[in-house]
**Q** 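Mind looking over this structure? Questions follow.
The model shown is predicted, which means the values in this text are computed figures rather than measured ones. Below, read A as the first sequence line, B as the second, and so on, with proteins coming before strands; counting in each chain starts at 1.
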2 protein chains.
Amino acid sequence: MTGVIIDARINEYTSRDPNPNVPWSPEEIGEAARACREAGASIVHYHARDPETGAPSSAPELYAAAAREIRARCDVLIMPTLGAGQIPDLDDRFGHIEVMAKHARSRADLVPLDFATTNLPMLVTELDGGPALVGDDLYYLNSVGMLKELARRTRAAGAVPMAACWNVSSLRLLSAFLATGVFDEPCYAELFCTEGGLLAGHPGTRAGLEAFLACLPEGRSVCWAIACYGANALPLAELAIERGGHVALGLGDYAYPELGDGRPTNADVVAAVAERARAAGRGVATPEEVRAILRA
Amino acid sequence: MTGVIIDARINEYTSRDPNPNVPWSPEEIGEAARACREAGASIVHYHARDPETGAPSSAPELYAAAAREIRARCDVLIMPTLGAGQIPDLDDRFGHIEVMAKHARSRADLVPLDFATTNLPMLVTELDGGPALVGDDLYYLNSVGMLKELARRTRAAGAVPMAACWNVSSLRLLSAFLATGVFDEPCYAELFCTEGGLLAGHPGTRAGLEAFLACLPEGRSVCWAIACYGANALPLAELAIERGGHVALGLGDYAYPELGDGRPTNADVVAAVAERARAAGRGVATPEEVRAILRA
């Protein structure tokens, strides 16, 4: 069994309350990446943020600057988001990746594609008057044609597409993309559990993970990692490590008050996974090993 | 353990090739329902079809006429489709249910709501030149707000909403609908496996069913049935019967060349489930029992 690939999901669009260690500026992202690499991460996933306010940004220059800051410090694989939210236009979703591809120092190694057209319901339970289901009109469109086109553009930008899987329907689409050459083998896929009221992914429980694993593409070479938005991913990480899988986690998904002094850094979270990977006798994969596996 | 609820899915938009026993006209639908009821079905699910050509129809009068033909012959619960396909307008999706509700003889008992906004990819394997993935632009929109509104209209039409679940994300939405009173308990849900190249549901395998069952709404009263489009559902039916579940199947989903002379009727397919239900010591639920459970 190979070493555990750790993808450090360092910031998403998360606030610094309650954990102030969420990186915003390109320099902060570069520093977080360096520390995560030292702790055992081989991939870093980031969103561009306004350096002063932390507001979500889609500025290609911020994406490229963050990649340069990372690459100046370490050899980790770089996976910026497509920042899709509900952006319908592929040029708007993908433009920053093409800008990044103009220079080797800022090129993306991996690009995450969301393998689902799906509603985005959110169950809010902290309200007076009982739980409420919000997000009536929210849905996220990633048609099969859009995903084919994003995979093509990803390759054209010198990067490797990653399959972000939200449910079993996503895994079946991945299987078909492997059968028809839209994706190459071995491929890298992240299996998304969602907690904290977000209902679009699988529950962040053993059952939620097992439901994914029961339906992995048969006879295909897929490096799968668990991810868990909105809850502590370490129990799932232990299961994934046991089962030959990999782990994607970080302060972008959850503040990890359980670790250290209650305000851990991204590197502290990565270190907690690396410790479990070593305890299980697998150790962690190096970026060089991941590049060799994925030809990234 | 209660008797097995059998939902006879008698026609969908299926052709009469290879099995000519697919009912089209209201009279044929009524006769198929009567025979299915005798064989052990307690629910009949149908689509309106042009009586001569079998072409899909959305004519409210054909829906109402079929309900009258069924009710004149037997006491089975009536569940017409919403025939949604990709119809975006709720009035167009739901209008026939409201026309049916004007008279007791044609009223629907159950109305199926599709609990998913999802792509509809189809893997075609019988081509020269290898497999191809088609349906690039096809997706099916059922936003949370649309589903809330359809549930409200279903009740207003004197019927009970049924949750058609395509994946684990659907089950989580169902759980939230139960927590927030959009659906009542006990509720009835069908878990859709899809074969024959359609990739939107779970695979029609033990693993596909187990992945659903691992994530049923916790602490909620859900009568779940398996359904399998595009393949023989009987192996899944046996599993469901073993596990306390129910069964939805019929010639609308699959031609069942494995049964009898190779061209069974819907009632023959229902009888094959009823036989398994009796062998497992559960027997079948009567329509009266199902009405009592679901208050339909």
**Q** Which one of A179(B), A207(B), G208(B) has the most heavy-atom pairs closer than 4.5 Å to chain A?
**A** A207(B)

**Q** Does a sphere of radius 6.0 Å around CZ in R206(B) hold more than 12 heavy atoms from other residues, nucleotides or ligands, not counting ones at 6.0 Å or beyond?
**A** no

**Q** With a 4.5 angstrom heavy-atom cut-off, is it the side chain or the backbone of L123(A) that approaches chain B, or both, or neither?
**A**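 Contact with chain B involves the side chain of L123(A) alone.
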
**Q** Report which part of L198(A) has an atom under 4.5 Å of a heavy atom belonging to chain B: side chain, backbone, both, or neither.
**A** backbone

**Q** Taking H202(B)'s backbone N and O only, do any of them form a donor-acceptor pair with R172(A)'s side chain (distance below 3.5 Å, no angle check)?
**A**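 Answer holds: yes.
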
**Q** Tell me which of these, L173(A), L147(A), L213(A), V168(A), has more heavy-atom pairs under 4.5 Å with chain B than the rest.
**A**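 The answer is V168(A).
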
**Q** Exactly one of S170(B), S169(B), S143(B) should register a side-chain contact (heavy atoms from CB on, under 4.5 Å) with N119(A). Which one does?
**A**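 One option only clears the test, and that one is S143(B).
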
**Q** I'd like to know which of G181(A), P131(A), P203(A), A132(A) tops the heavy-atom pair count under 4.5 Å against chain B.
**A** P203(A)

**Q** Could you tell me whether F94(A) atom CZ has more than 12 heavy atoms of other residues or ligands within 6.0 Å of it?
**A** yes

**Q** Nearest 0.5 Å, please: how far is CZ in F177(B) from CG in L199(A)?
**A**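 The distance works out to 10.0 Å.
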
**Q** Between L171(A), T125(A), T194(A), V134(A), which residue shows the highest count of heavy-atom pairs closer than 4.5 Å to chain B?
**A** T194(A)

**Q** Side chains of V182(B) and L133(A): closer than 4.5 Å at any heavy-atom pair?
**A**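 Side-chain contact under 4.5 Å: no.
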
**Q** Roughly how far apart are M146(B) CE and D136(A) CG, rounded to 0.5 Å?
**A** 11.5 Å

